[in-house]
Amino acid sequence: MGKQISFNHQKVESKWQKLWEEIGTYTPDIVKAKKAFYNLWMFPYPSAEGLHAGHAFSSTGSDVYGRFMKMKGYDVFQPIGYDAFGIHSENYALSINNHPKEMIARTTKYYEKQLKSLGHGYDWTRTVNTSEVDYYRWTQWLFAQMFKAGLAYRKAAFVNWCPSCKTVLADEQVIAGECERCGHKVETKELEQWFFRITDYADRLLGGLERIDWPEKIKIAQRNWIGRKEGINIEYKVKGRKEKIICWTSRPDTNFGATFIVLSPEHPFAQKLATKENTQKVKQYIKDSQEKTKEEREAEGREKTGVFTGSYAINDLNGKEMPIWISDFVLMEVGSGAVVGVPGHDKRDFEFAKRYKLPIIRVVVGSDNDKSPMTKIEQVQEEEGTMVNSGFLNGMNIAKAIGAMMDHIEKKGWGRKKTSYHLRDWLISRQRYWGPPIPMIYCEKCAQKSKSWFALKGISFKGVLHKDQSDWKHAGWYPEENLPVELPYLKNYQPKGTGRGPLAGHPKFYEVKCPHCGGTARRETDVSDTFLDSSWYFLRYPSVGIAESASSGSSSPAKRDDSATRTRHSAADFAWDPEITKRWLPVNLYFGGAEHAVLHLMYARFVTQVLYDLKHINFPEPFPRFFAHGLVIKDGAKMSKSRGNVVNPDEYIKKYGADTLRLYLMFMGPMDGYPDFRDTGIEGMRRFLERVWDLFVNNKDVILVEEKDSREVFVKMHQTIKKVTEDMEKFQYNTTISAIMEFVNLLREKAVYAESASSGSSSPAKRDDSATRTRHSASSYIRCAEWDEALLVLAQLLAPFASHLAEEVWVNVLGQKPSVHTSSWPSYTKEIAEKEEVTVAVQVDGKLRATLKLKAQNSKLKAEVVKAAKKEKNVANWLKGKETRKVVFIPGKLVNFVTK
RNA sequence: GGGCCAGUGGCGGAAUCGGUAUACGCGCACGCCUUAAGAGCGUGUGAGAUAAUAUCUCGUGUGGGUUCGAGUCCCACCUGGCCCACCA
């Protein structure tokens, strides 16, 4: 008997996990659900060696909320899947010398086992794997839609190239000059690539932020990344030449202080403007700078380099000649790739001017009133001040001067206002193997025709497709209509580093007929960015199994696709079912990491807006509510393999149980914090659960709660429900659990165990040797209803966290029908939850001198409280000989005698 | 360089609106139990003064301010973290 006290987590957990799956506890009626709640956790990529404690932390945070909503009466849908396509999985496969296809098959199995062992309430009947053809045919479909809408185009550009991953990268995927995946320094290469016109959506992505419930820091990150800035393109004539240089600036007010112009080495005029004697130097400089990586450019960073072209631009404002220089601190992708140098009011310009002894003119005087010539960088006035040496602007403040100057320049025809964005088009091609082949076909013959077509129209065609939809077919590119374009199994899938993907070595794959002229054409051999896979997965989940099952044909869904006969939105043959999508989307709560602020979260919003515009869905924002969880820290640092501080949840689940781990992870700290994982902490949590278990299984021996105690238990129960309910909504699980602990502590304190009549030496009463607990003979006391209710409530409050233990006691101890997870969340009465007796603080001049224990209603009466407070010896002492000038009274809380 | 966030016991962290700072847990100490150890249970635990569970002083990174009253609000600074970064 005595040994049975210990909670056998392995037995209990596996028992319920099996049963839940059998009876479909977490599989909602996807077609008919009335109160749909789509609770989504960012799916993981199954490339590493399984889930670590960080995954367990965030997925549990999401699961706890889903379970809570379920008990609140919602039809909760919690799907799970794998972001299994893409460079991260491929790199991992390469590192372990395994084919990604096999690696994925193995790791997804392991992930599934781990996720199940954590006891999460996922709907395992609807999973997604982005590397499976049934999924990626729609990723390809999405690409084709983008192209048809004029949102996918090719252009030659200076792009980020990772020499280690041997592929190009989007701007978002370059972190501080390094590859997001492998950490290798990124270089710049000029290549022709596929882009998505995300910049067309810049303003809408910005505007949409106002309407969604996201953490402010994520919104700010997106705003900064989009980086909308008002400015002006100023056109400068070049002395003695026909070229005009356009410089974008947000600070035209300082233009009277402009003393030079700097072009990016990649600027089309960079070489052209070099005078004869400078040509050699300029050529060399351009060549040198292009060989540098971004990192190198930056490392030399503050030490500016440059070369003079020999040409001069004219500042129309004052007719001054400005030497035109070339320097690699000016980036082609920013603004217009050319900068007007105002060294007095821009630190970088100042450094450049200093280095090459260019004149520095002050045109702004700041609040320090320094009007002296500028010789030190500290004097550079960037932020605020009053205009000087600036003609008609003199005396104006900066804000006013900017407006005045912009109007002036536009009126004179020297330039045009232009809003600039930091956001750039999404580079979507990858020269890799493990991804969806870009479903496009290129026909050289058609391309030649289109070149003449462009020539006819007077458009110089440089590989950039125009937005006008009629243009695309003239560039020789056609979207593949027979989807999917299956990724062939390649044994040697290693990236080549030639600027082309591994598929380029397989004529069987790329040799196709031109869908337009029937001639020999070539299929695109690059694959798409992995972030395209994850940009729409949330649309897929609810319809998994629905779209296919509605199909009557015997052929596989992959083969059924025939664009001519396909009705786009028929349930049988589309990525998502329109009715189900209406019911379940947008996602009600998205739970994930903040590190995706300008990656996945931005791309998913963009794709959703495009699909909304193309009328494939009826909502413009995929995630109206997003919660950004924090990270688990171990030994003071972020978990990582290289640090060797990765915590594998498996061993903890085995040793202490999933319930213990779940509770501990949620108790460590707030969900958006960075709590430290400790072994001693989890042991403490196991002890807590052991005490809870003890409370339940020995429940039948509790025979008494005294009148006073039963009331206390009852009140505490209502207080606990209130606290837990409120804090759950705010994802403050740590305080939720501490409230439950307090409740458990009280129950244990008040419990009185009977001498068991039936059992002998191993009776439960023996187990507890506390001197404070009294033992009574069973005959003289009765059980109270409050006690039984308290235990039911306790099981329910624990259910989102300790799902298995709660279920076990709910069914096998408390005799309820399964499942505690479908029972309705307990309610509380506000009046009962309010304390009956309160402690009122008594202060003299703001210092605590006594506390009063008063009945709640009395504590609200000023006269009563003041009277009682003055009676307190210590208060009287402090008031002696002083004149009370004022009495501050906060009903039910505090009284403060002011004598000063 | 820019943006955002945070500094509370030995540790993780509590503290709705400005109103008893340190809830809950870990750790530690002591006690009970035990032949012993462990487990379990109980008590204590911000610092200092003190015979004292009475009482007093100090105390939420530093310095100032507002207020009857500040962890919370304002100003300046210091430290740490995260994100972005030669963005014109």
Side-chain angles (χ1 to χ4, degrees), chain A residues 5 175-177 215-218 220-221 223-225 227 229 231 247-251 254 262 294 297-298 300-302 304 327-331 333-342 345-349 351-352 382 420-422 594-595 597-598 630-631 633 638 664 667-670 672-685 687-688 690-691 694 726 730 732 734-742 745 748 767-773 839-851 873-874 877 885-890 892-900:
Chain A
I5 296 160
I175 313 292
E216 203 49 41
K217 62 173 178 173
I218 306 289
I220 288 166
R223 272 187 210 113
N224 289 346
W225 189 260
K229 260 189 205 158
C247 294
W248 185 84
T249 176
S250 61
R251 293 292 305 278
T254 59
V262 195
K294 278 198 172 178
R297 274 198 187 188
E298 209 172 299
E300 296 164 12
R302 318 296 155 193
K304 304 261 179 304
S327 172
D328 61 13
F329 84 85
V330 177
L331 308 173
E333 317 90 79
V334 179
S336 56
V339 168
V340 52
V342 184
H345 306 286
D346 182 294
K347 285 190 172 136
R348 290 154 307 173
D349 294 354
E351 284 168 3
F352 194 76
E382 287 183 314
S420 152
Y421 297 88
H422 172 251
E595 69 274 15
V598 297
L631 280 177
I633 301 295
K638 207 157 115 177
Y664 175 60
F667 182 65
M668 285 193 299
D672 55 359
Y674 294 80
D676 209 281
F677 189 97
R678 284 168 169 242
D679 284 11
T680 53
I682 197 162
E683 279 164 24
M685 190 52 79
R687 286 203 289 272
F688 168 71
E690 207 68 69
R691 289 195 289 265
D694 171 276
E726 286 171 359
K730 293 182 275 184
Q732 283 169 12
N734 55 334
T735 54
T736 289
I737 294 165
S738 77
I740 295 172
M741 284 173 164
E742 283 185 51
N745 289 346
R748 283 168 53 76
R767 186 181 32 79
D768 181 49
D769 291 307
S770 147
T772 61
R773 288 197 195 174
T839 310
V840 175
V842 184
Q843 299 183 333
V844 177
D845 293 325
K847 292 217 185 243
L848 184 74
R849 296 305 177 193
T851 55
K873 218 171 102 193
N874 200 35
N877 274 343
R885 286 187 39 235
K886 196 168 135 191
V887 178
V888 179
F889 179 67
I890 309 293
K893 283 223 161 142
L894 165 143
V895 59
N896 184 14
F897 297 97
V898 184
T899 69
K900 282 186 280 198

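Below, chains carry the letters A, B, ... as their sequence lines are ordered, and counting in each starts from 1.
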### Task
Identify the nucleotide, in any strand shown, that forms a Watson-Crick or G-U wobble pair with U35(B), with both distances under 3.5 Å; if there is none, say none.
none
### Query
Centres of the Phe677(A) and Tyr664(A) rings: under 6.0 Å?
yes
### Query
What integer number of Å spans the P atoms of U55(B) and U45(B)?
15 Å
### Met741(A) vs Met685(A) side-chain heavy atoms within contact, under 4.5 Å
yes
### Message
Can you tell me whether the side chain of Lys217(A) and the base of C83(B) have a donor-acceptor pair closer than 3.5 Å?
### Response
no
### Query
Hey, does Lys347(A) reach any base, or is it just sugar-phosphate, or nothing, if we go heavy atoms under 4.0 Å?
nothing
#### Entry: Candidates C4(B), C87(B), C86(B) - which lies nearest the side chain of Val334(A)
C87(B)
### Query
So what does Ser250(A) hit on the nucleic acid, given a heavy-atom distance under 4.0 Å: a base, only sugar-phosphate, or nothing?
sugar-phosphate
### Message
Please report the distance, rounded to the nearest Å, between CZ in Phe889(A) and P in G69(B).
### Response
19 Å
### Query
Arg849(A) side chain N/O closer than 4.0 Å to the phosphate oxygens (OP1, OP2) of U55(B)?
no
### Task
Give a yes/no answer on whether the side chain of Arg678(A) brings an N or O atom under 4.0 Å of OP1 or OP2 in C11(B).
no
### Query
Taking atom C1' in both U34(B) and G42(B), what distance in whole Å separates the two?
16 Å
### Query
Is it true that the NZ or CZ of Lys304(A) lies under 6.0 Å from the centre of Phe352(A)'s six-membered ring and within 45 degrees of the ring axis?
no
#### Entry: U66(B) pairs with, by Watson-Crick or G-U criteria that keep both distances under 3.5 Å
none
### Task
Would you indicate what Asn734(A) reaches in the nucleic acid, counting non-hydrogen atoms under 4.0 angstrom: base, sugar-phosphate, or nothing?
sugar-phosphate
### Message
I want to verify a distance call: between A15(B), G13(B), G12(B), whose nearest atom is closest to the Gln732(A) side chain?
### Response
A15(B)
### Message
For C75(B), does the O4'-C1'-N9-C4 or O4'-C1'-N1-C2 angle fall within 90° of 0, making it syn, or is it anti?
### Response
anti
### Task
Could you check which nucleotide pairs with C26(B) in any of the strands shown, counting Watson-Crick or G-U wobble with both distances under 3.5 Å?
G10(B)
### Message
Contact between Thr851(A) and Val840(A) at the side-chain level, heavy atoms closer than 4.5 Å - yes or no?
### Response
no
### Query
Which glycosidic conformation, syn or anti, is assigned to G9(B) if syn requires a torsion within 90° of zero?
syn
### Query
How far does the C1' atom of C30(B) sit from the matching atom of C78(B), given to the nearest Å?
41 Å
### Task
For Arg348(A) and C86(B), give me the distance from atom CZ to atom C1', rounded to whole Å.
6 Å
### Task
Nearest whole angstrom, please: distance from the P of G1(B) to the NE2 of His345(A).
20 Å
### Summary
Using Watson-Crick geometry (N1-N3 plus N6-O4 or O6-N4) or G-U wobble (N1-O2, O6-N3), each under 3.5 Å, C86(B) is paired with none
### Query
Hey, does the side chain of Lys893(A) come within less than 4.0 Å of U16(B)'s phosphate (OP1/OP2), counting only N and O?
no
### Query
Which whole-number value in Å describes the distance from Tyr674(A) OH to C4(B) C1'?
11 Å
### From U20(B), G25(B), C87(B), nucleotide with atom closest to Phe667(A) side chain
G25(B)
### Query
Which of these nucleotides, C86(B), C68(B), A14(B), is closest to any side-chain atom of Val898(A)?
C68(B)
### Query
With a 4.5 Å heavy-atom cut-off, do Ile218(A) and Glu216(A) have their side chains touching?
no
### Message
If I pick the C1' atom on U8(B) and the same atom on U72(B), what distance separates them, to the nearest angstrom?
### Response
12 Å
### Nucleotide of G3(B), A85(B), C24(B) approaching Ile220(A) most closely (side-chain heavy atoms)
G3(B)
#### Entry: d(NZ, Lys847(A); P, C68(B)) in whole Å
16 Å
### Task
By nearest nucleotide on RNA chain B, pick out whichever of Asp676(A) and Leu848(A) is the more 5' one.
Asp676(A)
### Task
Hey, which sits more toward the 5' end of RNA chain B by its nearest nucleotide, Asn224(A) or Gly673(A)?
Asn224(A)
### Task
Could you measure between the two C1' atoms, the one in G44(B) and the one in A36(B), and give it in whole Å?
26 Å
### Message
Once you apply a heavy-atom cut-off of 4.0 Å, does Thr839(A) come out as touching a base, just sugar-phosphate, or nothing?
### Response
base
#### Entry: Whole angstrom value for the distance that separates P of G12(B) from CZ of Phe677(A)
16 Å
### Task
Scan Gly684(A) against the nucleic acid and name what it touches under 4.0 Å (heavy atoms): base, sugar-phosphate only, or nothing.
sugar-phosphate
### Query
Mind checking the P distance from U22(B) to U16(B)? Whole angstroms is fine.
13 Å
### Message
A side-chain contact here means heavy atoms from C-beta on lying under 4.5 Å apart; do Lys730(A) and Thr735(A) qualify?
### Response
no
### Task
Look at the side chain of Gln843(A) against the base of G19(B) and say whether a donor-acceptor pair falls under 3.5 Å; ignore hydrogens and angles.
yes
### Task
Would you please confirm or rule out a distance under 4.0 Å between OP1 or OP2 of C26(B) and any side-chain N or O of Arg687(A)?
yes
### Query
Watson-Crick or G-U wobble partner for A49(B), using a 3.5 Å limit on both distances?
U55(B)
### Task
Nearest whole angstrom, please: distance from the P of G81(B) to the CD of Glu595(A).
19 Å
### Task
Send over the distance from Phe688(A) CZ to G12(B) C1', rounded to a whole Å.
17 Å
### Task
State which of C86(B), C84(B), G19(B) makes the closest approach to the side chain of Ile175(A).
C84(B)
### Query
Would you say Val842(A) and Leu848(A) make side-chain contact, with heavy atoms under 4.5 Å?
no
### Task
Could you check if a side-chain atom of Ile682(A) sits within less than 4.5 angstrom of a side-chain atom of Phe667(A), using non-hydrogen atoms only?
no
### Query
Does any nucleotide pair with A21(B) by Watson-Crick or G-U wobble geometry, both distances under 3.5 Å, and what is it?
none
### Query
So do Lys847(A) and Asp845(A) actually touch side chain to side chain, heavy atoms under 4.5 Å?
no
### Query
C58(B) and C4(B): how far apart are their P atoms, nearest whole angstrom?
37 Å
### Task
Tell me which nucleotide among C86(B), G13(B), G42(B) gets nearest to the side chain of Arg748(A).
G42(B)
## Note on the structure
Considering only heavy side-chain atoms of Ser738(A), the closest of U20(B), A23(B), C68(B) is A23(B)
### Message
I'd like to check Val887(A) versus Val895(A) (side-chain heavy atoms, cut-off strictly below 4.5 Å). Are they in contact?
### Response
yes
### Summary
If pairing means Watson-Crick or G-U wobble with both distances under 3.5 Å, then the partner of U72(B) is none
### Message
Less than 4.0 angstrom between a side-chain N/O of Asn745(A) and OP1 or OP2 of A23(B), yes or no?
### Response
no
### Task
Could you tell me whether the phosphate oxygens of G40(B), OP1 or OP2, come under 4.0 Å of any side-chain nitrogen or oxygen in Arg691(A)?
no
### Message
I want to verify a distance call: between C87(B), U55(B), A15(B), whose nearest atom is closest to the Asn874(A) side chain?
### Response
U55(B)
### Task
Taking atom P in both G65(B) and G10(B), compute the distance separating them and give it to the nearest angstrom.
28 Å
### Summary
Pairing partner of U16(B), by Watson-Crick or G-U wobble and under 3.5 Å for both distances, is none
### Message
Starting the side chain at C-beta, find the nucleotide from G25(B), C84(B), G12(B) nearest to Met741(A).
### Response
G25(B)
